[in-house]
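Each chain gets a letter, A, B and so on, in the order its sequence line appears, and its residues count up from 1.
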Amino acid sequence: MKKYSGFSLFSNALSYHENWQKIWRSPKPKREYDVIVVGGGGHGLATAYYLAKVHGITNVAVVEKGYLGGGNTARNTTIIRSNYLWDEAAQLYELALKLWEGLSQELNYNVMFSQRGVLNLGHNLQDMRDIERRVNANRLNGIDGEVVTPARIKEIAPLINISPDCRYPIIGASWQPRGGTARHDAVAWGYARGADALGVDMIQQTEVTGIRRENGTVVGVETTEGFIGARKVACVTAGNSGVVAAMAGLRLPVESRPLQALVSEPVKPCLDTVVMSNAVHGYVSQSDKGDLVIGAGVDGYNGYGQRGSFHVIEHTLQAICELFPAFSRVRMNRQWGGVVDTCPDACPIISKTSVGGLYFNCGWGTGGFKATPGSGYVFADTVANDRPHPLAAPFDVDRFNTGALIDEHGAAGVAH
Amino acid sequence: MSNNISMETPLMHAYGNFSHHEYSAGGEIAFGELLFDLVVKEMPLCSHLNIRGDAGDDAFCAGILQVLGIALPTQPGHYHTSRTHSLYWLGPDDWLLVSRADSIDLQAQLRAALSGHLSIVDVAGGQTIINLRGSAVALNTLLKKSSLYDFGGWGTAVEGGGRCVQTTFAKASAVVANRPDGSYELVVRRTFADYIARWLLDAGSEFGCRIEGELGA
Amino acid sequence: MLLIHCPHCREDREEEEFSYNGEAHIVRPLDPESLSDEAWGDYLFFRKNPRGVHREMWYHAVGCRRYFYAARNTLSYEILHTYCVGEKPQIDAANEGAGA
Amino acid sequence: MTQIQQINRLAGGARVDSDGVINFTYNGRPMQGVSGDTLASALLANGVDVVGRSFKYGRARGIVGHGAEEPNAIMQIGSGASSVPNLKATQVELYEGLESAPVNGWPSVDFDLMSIAGFFSRLMPPGFYYKTFMYPAKLWMTYEHFIRRAAGLGRSPVGDDPDSYDKLNQHADVLVIGAGPAGLMAAREAARAGARVMIVDEQSEFGGSLLASTQTIENRSASAWVDLMVAELKTFANLQMLPRSTAFGYYDHNFIGILERRSDHLSLSAATGSRQRLHRVRAKRVVLATGAFERPLVFAHNDIPGVMQASSVSTYVNRYGVAPGSRMVLFTCNDSAYQTALDWHGAGRTVVAIVDSRAEPNGAMLAAVEALGMEVMLGCAVIEAQGGKRVKRALVAPINAQGTEVVGSVQRIACDLIACSGGWSPAIHLSSHTGAKPQWDEAIVGFKPGTSTQQECSAGACAGTYRLSECFAEGAQAGAQAAHKSGFGSGVGLFPQPPVEEHDEYPQQALFLVPHTQRSTRAPSQFVDMQLDVTAGSIEIAVREGFESIEHIKRYTALGFGTDQGKLGNINGMAILAKALGQSMAETGTTIFRPAYTPTTFGAIAGRDIGELFDPQRHTAMHRWHLARGAEFEDVGQWKRPWYYPRSRASGGVESLREAVDRECLAVRNSVGILDASTLGKIDIQGPDTAEFITRMYTNSYLKLAPGKCRYGVMLKEDGMIFDDGVCACLGDNHYLMYTTTGGAAGVLAWLELWQQTEWPDMQVYFTSVTDHWSTATISGPNARRVLAKVCDDIDLDRQAFGFMDWRDGTVAGVAARVFRISFTGELSYEINVPAHYGRHLWEALIAAGEAFDITPYGTESMHVLRAEKGFIIVGQDTDGSMTPADMNMDWVVAKNKTFSFIGKRSLQRSDALRDQRKQFVGLKPLNPNDVLPEGAQVVFDPQQPIPMSMQGHVTSSYYSANLGHAFALAVIKGGINRMGQVVHCPLADGRILAAEIVSSVFYDPEGARQHVE
Ligand SMILES: Cc1cc2nc3c(=O)[nH]c(=O)nc-3n(C[C@H](O)[C@H](O)[C@H](O)COP(=O)(O)OP(=O)(O)OC[C@H]3O[C@@H](n4cnc5c(N)ncnc54)[C@H](O)[C@@H]3O)c2cc1C
Ligand SMILES: NC(=O)c1ccc[n+]([C@@H]2O[C@H](COP(=O)([O-])OP(=O)(O)OC[C@H]3O[C@@H](n4cnc5c(N)ncnc54)[C@H](O)[C@@H]3O)[C@@H](O)[C@H]2O)c1
Ligand SMILES: Cc1cc2nc3c(=O)[nH]c(=O)nc-3n(C[C@H](O)[C@H](O)[C@H](O)COP(=O)(O)O)c2cc1C
Ligand SMILES: [Zn+2]
């Protein structure tokens, strides 16, 4: 892999950029792989990368039905934070955050991880109790966080409305300075480039249509381009997990729901952090291009349409205009939806299955982008060693039978 | 119940804020006077009973007819009315009876005439009726602003009844019914009445909208 | 933005009047105590979640307050049919296919 | 500064009113336009060439289009709080006093320091930022800071929006979008058939492209024909006509969002009412008649001001009476653009040359221009424009028949305007919003709408039909059919087809990228997306780097990401990609079209539901009393509940929360207090199966509850976790009243209905919400009975006769009331319920009756303290969706031997629920009696352990108790019930570590004696 740097940029400019190396090869699939990763989103690509990098398993293919990083990786609001309530979740997301902190250098690809901080607003007494609880837990888990006052919130986000007279006044917030955003596409491309350089095959525009098993163990996948053999199959297909599980005769405790987001037209920098509010439901940050990136709520019903209901957008913009009255005259440039796989406890599933050699990493719902590096890391370990990585163990699918849920719904605030 | 006990209508709180001379801006001025195309009026309190029962049971239907003198509306989205009673379809086994008759008597009569599995619940304290009148354009616009429901196909009510629907009203809900005089009635929940009044004044402001109350405080 | 035909109100009504209640026709086990943790977990949480026609439950919350069923395509969002509890669906499972 | 004259204004003939002079400013300079102008036409009239600077390379940019497709003329309009960023000058109607300024360019658009970056543009290939700024890692935030400085177009206002917005929920049988010839015909047919019809158009007036056409229709000018047609449409009562209304999104089940701009075209003083209105339209059928966009021709330096779309030049001339230049070169690959040469000539300007890429076109258009003596250069292309802030010359060269190579020598032709036409692209945006996949059509060299999943059809140019007569016919047919399918008319058009003058066109050439003498990566920049500075070369570089999907190209180069969403150049970009990959357009496909068709104001999408109307505020019947008493309120769901009632201190000032709560709590314990408890949810339940039904829903049994009695119950979800709690009273045979938590009311009712309706439809039970019907005043304290006795003489209040957990009907303060003897404070309490119209009366009567006992109103905070002293839980505060009854030390509420396995019971037997180290509900007594542990504090055993610490639980409720004389807390702690007496620690963010002892959760009157005072 040729290294990217200011120097390489300069020397390539001399040859009119005609000689850049391909970011990844587009190989024909081999007949068999040690591991097939189904799903070329951020998590799948990270899994492939760490399989090769950490575990030396390089005979790996990532099979993606569309284009790499075109699922939820392409459509999320890129919020990164690790201030989750429960120990199990906090440790997993904190592993991810630590990896984010060196990811551009690790991948030699600038994923533009911007630690501009994340505010989670509180609007009533119970919100504040929950915020206190979460921040205290975070600090004792070694995760940065503070509870901040409206005055401090106003310093961090000057356009925000902290008037005590609004319908749901802001009475405080949690603040995680190490949180922030990253350039979502670059994450997928960086991991794909890194994995490709280690020998992983990127098989795009190829849909997995079946999971072939013999004697309760996987032997490969059927795809729109034919059968590909595999000793292990690792499914990382987010919103489509239920569909892929069904190919192996399994059911999952997930429901696929539309989740929407929108961007405004670009405006000059006016919001230098990430603001999230659970109670009035809206979250917003400003991209490096200037557009306000706004996340909406998850739709009330199952759907695979990558689009959602307009009233959800209306409600979100009401919340945004409440929080930032000045944005009322800014305009929505584009809105879209993704399909998220939601678990009853708003926590992921990273798990072996009852089928030998078949693994699932799914259920990240509305908030898995931030986990991308950590998720790939522990999942690769789980697949490589055929036993859960210690941080992944609590996320085994069996928790839905034993009842050991990790309920991030109730107390942990917004899940994005 | 003694007569000097003060009742407070659900909109009373709103009057407290708006007073009943209050209006929202935007009304046209003619001959030096503000014109109002829309009037929001809280109707006098009366009896409200929620009735549940089996519309397929002839005895039940007959009992209702016998006590109220009006037939049980079984067609979705319709209400029947007489001088004393109005009976609104809310659901296949669910009706709202609004009446000028005394609630206790009425309940007793109904209980006497009806049998089997049913329920009669006094909900008078929890609801109020708001009458909306004004020009057709103003009313239609106001309804379109406030509710998702398509009132376009309704036509006007006649003496014995008309159309009704339980639907969204701004961010609350209401039973909306048409009246023979072209006005509309909203049955709203007491604790949302103040919100709905504020909404109506705001949404109606382009036509000039005022609250008219009998029980101003 | 769905427009949903309420089989009780016998009208098409806006999505905002309804709330969704997940997969339909999941019958509560008659004797929960006799079930294994797995079987009970399955009842509680594991769902078909199909990409295609889905039998689901809706509640006409701001309307007649009745629950009813719908056969809806989760990809196109087309509602093939709504029907009351206890009613036989007009569309049989064979026609539903796996969807696209 | 001197005022520039309208040097490019033509005399008469257009649709503007040249006498209606309008003053406006551009970049602080006063200018004049005329009524009917857009800002763009007025700027062009005033000879303004440069209207902005490109965002990456800082290049000078001019107006290229005349509508939604414009990428360059992005303006900040107005100032202060009513300023609007990023409006396209082509879509801003001029009004008196309008202020406008370009959004980029520093220190000014005419001299932009950023343009120096142009020299470095070779260092900024697509995605360059992914390749650099990585080392050293800690500098990235600094780099980013500088990158962000260059971000953004206009500025967000900083003040509150002074305008209001509203919405209308519309229902139409037929919605026609676009009021060009196709749309007008469709609307007329549908209206005539009797359907409820709406027709909308984003422009200020109806007519679409006819407003700028020189064609003759029914022996009239197109413009006059439009006026006649619009007048006719106005006669239909069932037709709603909305100009200035953009359909911005087509959603599922024929739901269309339309933004109407009601006062944006008016000067500030003239504007009244809402600024914009969102029409939420549910249509049975939709006719899309949105027209087509002219495609640009991508050649070197095609972004220099003075390069314009041919149809835009015609529009400025014919509709606005503006000739943006004097010497034009027309560059085309099709016949339709020849009209621009005729129009330009008609305006008295010079057509220097017509450059047609086709080797041998012929037909009426060619003949017409040749008849006027214009020079036509066939088989040639403008391969490069030259000039700085304005085009000075066009470089023209012969090209091969495939349009891929320059095959002859280059001529330099002096001119100040290059009008271009690369053919047309149907405006399929709305059709694509529905998920319909665009279909490539070689015949029209464009994407046509795909098969739709919605009830719609496309007609006219948006369906790829470009002849006017066919647009008319298709529109009429679509309108008649749409009406028919929604139940009106026969489906056959009723009006005769208007006769038009038109001629045949010679086939166009597919020319997406104009060749240069150098290949694209080396040639001077050939711009595909001007707003984002995406060039043909950058697309080719991206392909070389391995990005092959059009979606990757979009994301890597930012093609189509701008505020114009690539309406101009997207198709060219796709074609360039297709060529680079050697595949067809159909294989390449498009990126996904998404709402908004054009940018849509946040405020309008929010509508009226902001400020106090953001969410309903619910009040109880006593609310005005609370207000008058100066209560502070707490938001509980939508309710405003009195939180505490601060009094003035004797020492001056107003009591703090703590002072008020101490006083209120002591009053309840020592005499009597009164609480507005009206917000609790209440459900009336009737029917023969009621007792069985609620016994299935609660953990305990109600089968033996007698009339006159109440019982406290806990409800679980099927997962075994506590979901709600409350008291249930047996009112009579088969008749119960269920109380729920304030926040849980709606959820519990839906939950009961769910089980009854879907699982046990044979159980005979009806539920009716009576939350709003009853107002509830709770009097609590040793003097409660004495207070009640003063206003009630028909209930035997004797403590035996009216026992704890009993209820009675009676008359209180003259009102028929239902009185419950239940208690959430541990004191003797009565909850008095009256129909809510009497709520305030009851309240005031009780206050009066309690005067002798100094009855004290108390709010939710004191209520919380008092119940916590008794160890009573609050669902949602002490529980969080992961707590079972056993966890809450409430096994007593779970009946183990009910015949029916109540909801949630089975889950209590799962292995995790039986685990012994589950968190359990206990009390905490701080070692320092004045330490109020913060609610949410985490509990550890060893505060000295390293981080990450092993957390054992957390504080759920915590207060200072004036009664106990010390602080106390409730908490959930792992295995807590067996750890009584152990000391735990709460390490806090401020560095303090508070120690507390684990004690019973009942701090006060554990025997329950206070309940029964005489
Ligand atoms: C609108 C929105 C906003 C969000 N905001 C945030 C946020 O701010 N912060 C945050 O942390 N998270 C957020 N999320 C969640 C986050 O996007 C996801 O959790 C995360 O991207 C999941 O990554 P993934 O790689 O697992 O899934 P994806 O990126 O969806 O990848 C799954 C891939 O599998 C492929 N696939 C599916 N089926 C098959 C098959 N049969 N064969 C082959 N390939 C298949 C898909 O095409 C897809 O590319 C948001 C999500 C959405 C939709
Ligand atoms: N000769 C050619 O090659 C050629 C090519 C294209 C078009 N034309 C001519 O153009 C005309 C096409 O007629 P038509 O009726 O199909 O289109 P039109 O362009 O005349 O009208 C379309 C109208 O739709 C409006 N519109 C577009 N999107 C909208 C939206 N989202 N919301 C609201 N309004 C929207 C536009 O403002 C415009 O007024 C004919 O006269 C045809 O001859 C000719
Ligand atoms: C963080 C983020 C920022 C985005 N910014 C823009 C933008 O400025 N302009 C734009 O057109 N789309 C923007 N998009 C949306 C994409 O164009 C696209 O809609 C999204 O990736 C979903 O893909 P799809 O629309 O192709 O289904 C952005 C998306 C994300 C996730
Ligand atoms: Zn209904």
Side-chain angles (χ1 to χ4, degrees), chain C residues 1-5 7-8 11-45 55-62 64-69 72-79 83-87 100, chain D residues 169 171 249-257 280-284 433-436 451-455 595 696 717-721 746-747 749-762 766-769 896 898-914:
Chain C
M1 288 286 269
L2 310 179
L3 186 66
I4 301 172
H5 184 85
H8 299 287
E11 278 186 315
D12 293 346
R13 303 280 282 264
E14 295 291 331
E15 174 182 323
E16 290 108 301
E17 293 187 358
F18 299 86
S19 65
Y20 179 75
N21 234 78
E23 187 175 327
H25 309 306
I26 298 174
V27 180
R28 187 173 198 258
L30 282 178
D31 183 7
E33 263 65 52
S34 69
L35 296 185
S36 65
D37 274 5
E38 283 67 35
W40 181 249
D42 198 63
Y43 159 70
L44 283 183
F45 296 123
R55 296 312 183 84
E56 55 197 22
M57 227 185 315
W58 288 85
Y59 181 43
H60 197 178
V62 192
C64 64
R65 305 190 59 83
R66 297 300 91 187
Y67 286 83
F68 60 91
Y69 300 132
R72 184 178 59 95
N73 185 313
T74 56
L75 194 60
S76 68
Y77 297 168
E78 185 192 359
I79 298 177
Y83 53 104
C84 302
V85 175
E87 222 171 68
Chain D
N169 296 297
H171 302 265
Y250 196 143
Y251 303 88
D252 285 306
H253 296 191
N254 267 19
F255 182 92
I256 294 92
R280 307 169 87 252
V281 185
R282 189 67 83 169
K284 290 211 177 82
H433 290 178
T434 69
T451 324
S452 180
T453 49
Q454 302 295 322
Q455 309 295 316
R696 293 181 180 190
K717 283 268 160 114
E718 275 284 45
D719 64 3
M721 303 304 153
L749 179 59
W751 181 240
L752 302 178
E753 296 274 19
L754 171 70
W755 286 100
Q756 193 277 325
Q757 292 181 28
T758 66
E759 197 74 28
W760 307 310
D762 294 338
Y766 286 125
F767 312 96
T768 308
S769 168
K896 303 276 169 338
K898 293 201 278 187
T899 43
F900 189 86
S901 177
F902 62 83
I903 301 295
K905 181 176 183 201
R906 171 64 184 82
S907 291
L908 301 177
Q909 306 307 317
R910 291 184 301 173
S911 59
D912 195 68
L914 299 171

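A 4.5 Å side-chain heavy-atom check between C:Asp12 and D:His253 finds every atom pair outside the cut-off. Looking at C:Tyr77 and D:Thr453, their side chains never come closer than 4.5 Å, going by heavy atoms from C-beta outward. Proximity of D:Asn254 to C:Met1: side-chain heavy atoms (C-beta onward) are nowhere separated by under 4.5 Å. Put simply, the side chain of C:Glu78 does not reach to within 4.5 Å of the side chain of D:Asp252, judged on heavy atoms.
Of the listed residues (D:Pro761, D:Gly435, D:Ala750), the greatest number of heavy-atom pairs within a distance under 4.5 Å of chain C belongs to D:Ala750. Counting heavy-atom pairs under 4.5 Å between each of D:Ile903, D:Asn169, D:Thr434, D:Asp719 and chain C puts D:Ile903 at the top.
In this structure, chain D has a heavy atom under 4.5 Å from the backbone of C:Ile26, while its side chain stays farther away. Contacts between D:Lys717 and chain C at a heavy-atom distance below 4.5 Å are absent for every atom of the residue. D:Ser911 touches chain C through backbone and side chain together, each having a heavy atom under 4.5 Å away. For a residue to count as touching a neighbouring chain, one of its non-hydrogen atoms must lie under 4.5 Å from one of that chain's; by this rule D:Gln757 touches chain C with backbone and side chain alike. Neither the backbone nor the side chain of D:Ile256 has a heavy atom closer than 4.5 Å to any heavy atom of chain C. For C:Asp31, no part lies under 4.5 angstrom from a heavy atom of chain D. Contact annotation for C:Leu2: both backbone and side-chain heavy atoms come within less than 4.5 Å of a heavy atom of chain D.
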Practice item. Could you give me the CA-CA distance, side-chain angles and deciding distance for C:Val27 and D:Glu759, then say whether side-chain contact (heavy atoms from CB on, under 4.5 Å) is met? Key: CA-CA 7 Å; C:Val27 180; D:Glu759 197 74 28; 3.8 Å; yes

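Below 4.5 Å, heavy atoms of chain D meet heavy atoms from C:Leu35, C:Ser36, C:Asp37, C:Trp40, all part of residues 34-41 of chain C.
Listed by chain and number, the residues in a side chain to side chain donor-acceptor pair (under 3.5 Å) with D:Glu718 are C:Arg28, C:Tyr43 (sequence neighbours excluded). Listed by chain and residue number, nothing satisfies the ring pair (Phe, Tyr, Trp, His ring centres under 6.0 Å) test with D:Phe902 (two or more places apart in sequence, or in another chain). Every residue meeting the side chain to side chain donor-acceptor pair (under 3.5 Å) condition with C:His60, not counting sequence neighbours, appears here in chain and number order: C:Glu17.
The line from CD of D:Glu753 to CZ of C:Arg66 is 5.0 Å long, rounded to the nearest 0.5 Å.
The residues C:Glu16 and D:Arg280 are annotated as salt-bridged, a charged nitrogen and a carboxylate oxygen being separated by less than 4.0 angstrom. Between C:Glu14 and D:Arg282 there is a salt bridge, since at least one side-chain N of the basic residue sits less than 4.0 Å from a carboxylate O of the acidic one.
Of all heavy-atom pairs between C:Tyr67 and D:Trp751, the closest is OH-N, 4.4 Å.
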